[in-house]
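On a predicted model such as this, the values are computed, not experimentally measured, just so you know.
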Amino acid sequence: MKRFVAIALLLFGSFSLFAQQWEISIELNGINGYLNSGCCNKNNETIFVGGFGSEAYIVKVNEDGGYEEKFFQEESRTLRFRTIDVLENGNYFVSGVSTAQNEDLLWILNLDENFDIVT
């Protein structure tokens, strides 16, 4: 039995290593949203990005379970964050897609630790 459990754990672990992308569906007031990517910062906070309605969405979950969120929008466009990385200076590099009338544009932001856009 121990050998079966060990083999099952090894197989499960090897499959999880090959995961390229994950997506979590969320719903609030009948609007569907998606968390597409995440990372952890030096303060052990988890940062998730995605889209909610027509807005890009970022949420920071603290170790105690509390969270902060911020929405980004652009008039008459649908925004979706796709990836997030923590930079050495503590800022976040975020990429996404901006869509309007069959036109997709790459959207890249440098955000500070408060999720404000760095110019």
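In the hydrophobic clustering (ILVMFWY side chains linked at under 4.5 Å, chained through shared members), L87 is joined by F93, L106, I108.
The two residues S76 and A100 come nearest to each other via the heavy atoms O-CB, 3.5 Å. In this structure, S98 and E74 approach most closely via the heavy-atom pair OG-OE1, 4.2 Å. Nearest heavy atom pair, residue N89 against residue N91, reads OD1-N, 3.0 Å.
Judged as a salt bridge (Lys or Arg N to Asp or Glu O under 4.0 Å), and not counting sequence neighbours, the contacts of E68 are K60. Every residue meeting the side-chain hydrogen bond (donor to acceptor under 3.5 Å, both in side chains) condition with S95, not counting sequence neighbours, appears here in chain and number order: T83. The side chain to side chain contact (heavy atoms under 4.5 Å, CB included) search around E69 returns Y57, V59, Y67, F71, not counting sequence neighbours. Scored by the side chain to side chain contact (heavy atoms under 4.5 Å, CB included) test, N102 finds no partners at all (sequence neighbours excluded). For D116, the salt bridge (Lys or Arg N to Asp or Glu O under 4.0 Å) partners at least two apart in sequence or on another chain are K70. Applying the side chain to side chain contact (heavy atoms under 4.5 Å, CB included) criterion to N43, with sequence neighbours excluded, gives N41, E45.
Without hydrogens or angle criteria, D64 side chain to G66 main chain gives a donor-acceptor distance under 3.5 Å.
Across I117, I84, I58, V49, a single residue satisfies side chain to side chain contact (heavy atoms under 4.5 Å, CB included) together with L109, and that is I117. The residue from F52, F81, F115 that alone fulfils the ring-ring contact (aromatic ring centres under 6.0 Å, His included) condition with F72 is F81.
Here the CG-OG1 distance, from N62 to T46, works out to 9.0 Å after rounding to the nearest 0.5 Å. Expressed to the nearest 0.5 Å, how far SG of C40 lies from CD1 of I47 amounts to 8.0 Å.
Note: the hydrophobic cluster containing L111 also contains V86 (ILVMFWY, side chain heavy atoms under 4.5 Å, direct or indirect links).
Residue pairs meeting the salt bridge (Lys or Arg N to Asp or Glu O under 4.0 Å) criterion with at least one member in residues 84-109, sequence neighbours excluded: R77-E103.
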